[in-house]
Amino acid sequence: MIDEKLQSELTGMRYEIIDLNQSSYFYVRKMNRMSYVFQKTSREFMLEEFFALRYLENGIILHLTNLDDDKSKFSFRSARKLFNKRITAKDPKISNQLNDKIDSYRQNVNKLKTKHRNTRIAHINSLEFPNLDEFLNFDNYLKPLIKEANDIGDFIWGEEINVKFKLGSHEGILDFRKENKESKIDLTKNQDFY
């Protein structure tokens, strides 16, 4: 849908979405491994795992909120400006669809932006921090925002934004988008460390 020049200008937005999907994948994998790890390791290693999970969750929050940033060159708002300059003259219906999607996303991500990013990550506005083992509800809170961000990115880009990683000749290819669509937090899922 968009030409190479516009793709080049929107590469940062594409990388935000790719990083969001990769962070989400590893967050779910680590979280689902916790029950097994808890039984098989030391308290010190558990502390490392909780700390790593906290930073993965913060990364997911930052990617989601960066996509709604007012001043970023890599946000949906910036992409909308470029998109509207080049595409809307040809098809105003597409522009209206994009505006509706971005407005919905802005409304849905706002609580995450004000309550979590601004007070816990970007600026320390509160001394009330969650316990070390307390995380946001991924399946009901973060995953719908991730899906919405992916849908908007795909709409702007004109195709599914994805990155795949070849694990090796015997292990196949890791498709982050496919894995994220099917994944959910299930602390009993992994009974070993794979």
Side-chain angles (χ1 to χ4, degrees), residues 12-69 72 74-76 105 108-153 160-167 171 173-194:
M13 179 205 70
R14 183 175 182 272
Y15 286 149
E16 281 286 353
I17 291 170
I18 288 170
D19 288 347
L20 170 64
N21 286 313
Q22 290 172 330
S23 299
S24 301
Y25 170 79
F26 291 117
Y27 177 84
V28 170
R29 290 277 303 200
K30 284 184 96 43
M31 187 63 83
N32 286 348
R33 208 180 284 131
M34 291 305 286
S35 181
Y36 173 79
V37 171
F38 188 75
Q39 297 172 31
K40 303 290 182 181
T41 191
S42 68
R43 290 181 184 142
E44 184 179 5
F45 186 74
M46 285 303 299
L47 180 63
E48 288 177 35
E49 289 298 289
F50 283 134
F51 198 75
L53 281 166
R54 172 71 64 225
Y55 272 82
L56 278 170
E57 182 183 68
N58 287 350
I60 292 166
I61 291 168
L62 286 173
H63 291 304
L64 287 167
T65 57
N66 285 350
L67 289 166
D68 182 51
D69 198 9
S72 171
F74 310 130
S75 71
F76 292 144
Y105 181 77
N108 294 336
V109 82
N110 189 51
K111 182 179 175 187
L112 184 70
K113 195 173 189 178
T114 57
K115 185 170 169 126
H116 298 284
R117 188 202 66 181
N118 290 352
T119 60
R120 290 189 354 200
I121 302 170
H123 317 286
I124 305 296
N125 292 331
S126 170
L127 296 179
E128 293 181 29
F129 283 89
N131 293 329
L132 190 59
D133 61 347
E134 189 178 332
F135 299 94
L136 296 174
N137 185 314
F138 183 85
D139 292 334
N140 296 324
Y141 189 47
L142 294 176
K143 191 170 181 176
L145 291 171
I146 294 165
K147 181 187 180 319
E148 193 173 4
N150 277 307
D151 291 345
I152 294 169
E160 185 176 88
I161 296 174
N162 193 11
V163 65
K164 297 177 182 179
F165 185 83
K166 185 171 181 180
L167 297 165
E171 296 165 302
I173 296 174
L174 181 57
D175 182 333
F176 290 101
R177 282 290 290 271
K178 181 177 181 249
E179 293 292 331
N180 280 339
K181 288 175 189 172
E182 298 169 3
S183 69
K184 66 178 191 163
I185 300 294
D186 179 358
L187 300 177
T188 64
K189 182 175 182 175
N190 291 344
Q191 299 303 315
D192 57 16
F193 201 86
Y194 76 92

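Heavy atoms only: backbone and side chains are in, while hydrogens, waters and symmetry mates are out.
- Although no hydrogens or angles enter the test, the distance criterion places a donor-acceptor pair under 3.5 Å between the side chain of Asp139 and the main chain of Ile185.
- No donor-acceptor pair under 3.5 Å is formed between the side chain of Glu16 and the backbone N or O of Leu67.
- You'll find the side chain of Arg29 reaches within 4.5 Å of the side chain of Arg33, heavy atoms only.
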Side chain to side chain contact (heavy atoms under 4.5 Å, CB included) between Phe74 and Asn66, worked out: CA-CA 7 Å; Phe74 310 130; Asn66 285 350; over 6 Å; no
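- The shortest heavy-atom contact between Ile17 and Phe76 is CD1-CE2, 4.0 Å.
- Of the inter-residue distances, the one linking Asn58 atom CG with Tyr27 atom OH reads 10.0 Å to the nearest 0.5 angstrom.
- Inter-residue side-chain proximity for Phe26 and Phe176 is flagged as met; some heavy-atom pair is nearer than 4.5 Å.
- Residues Asp151 and Glu148 form no side-chain contact, since every pair of their non-hydrogen atoms from C-beta on lies 4.5 Å or further apart.
- In this structure, Leu53 and Met34 have side chains that are in contact, with non-hydrogen atoms separated by less than 4.5 Å.
- Donor-acceptor pairing under 3.5 Å is lacking for the side chains of Asn162 and Asn21.
- Interatomic distance, CE of Met31 versus CZ of Phe135, reported as 4.5 Å (0.5 Å rounding).
- Rounding to the nearest 0.5 Å places NE2 of His63 at 12.5 Å from CG of Leu142.
- Other residues, nucleotides and ligands contribute more than 12 heavy atoms inside 6.0 Å of the CD atom of Glu171.
- Under the 4.5 Å side-chain criterion, counting only non-hydrogen atoms from C-beta, Leu136 is in contact with Leu112.
- Residues Ile161 and Arg177 share a closest heavy-atom pair of O-NH1, 2.8 Å.
- Judged by distance alone, the side chain of Lys30 and the main-chain N or O of Leu56 form no donor-acceptor pair under 3.5 Å.
- Using a distance-only test at 3.5 Å, with no hydrogens or angles considered, no donor-acceptor pair links the side chain of Tyr25 to the main chain of Asp175.
- Between atom CD1 of residue Ile60 and atom OG of residue Ser23 there is a gap of 6.0 Å, rounded to the nearest 0.5 Å.
- A donor-acceptor contact shorter than 3.5 Å is absent between the side chain of Lys147 and the backbone of Asn180.
- By the 4.5 Å heavy-atom criterion applied to side chains, Glu57 and Phe138 are not counted as neighbours.
- Taken to the nearest 0.5 Å, the CG atom of Leu145 stands 12.5 Å off from the NZ atom of Lys113.
- A distance of 10.0 Å separates CD1 of Ile18 from CG of Asn150, quoted to the nearest 0.5 Å.
- Of all heavy-atom pairs between Lys184 and Asn32, the closest is O-ND2, 3.1 Å.
- For OH of Tyr15, the number of neighbouring non-hydrogen atoms (other residues, nucleotides, ligands) closer than 6.0 Å is 12 at most.
- The nearest pair of heavy atoms linking Ala149 to Leu20 is CB-CD2, 4.0 Å.
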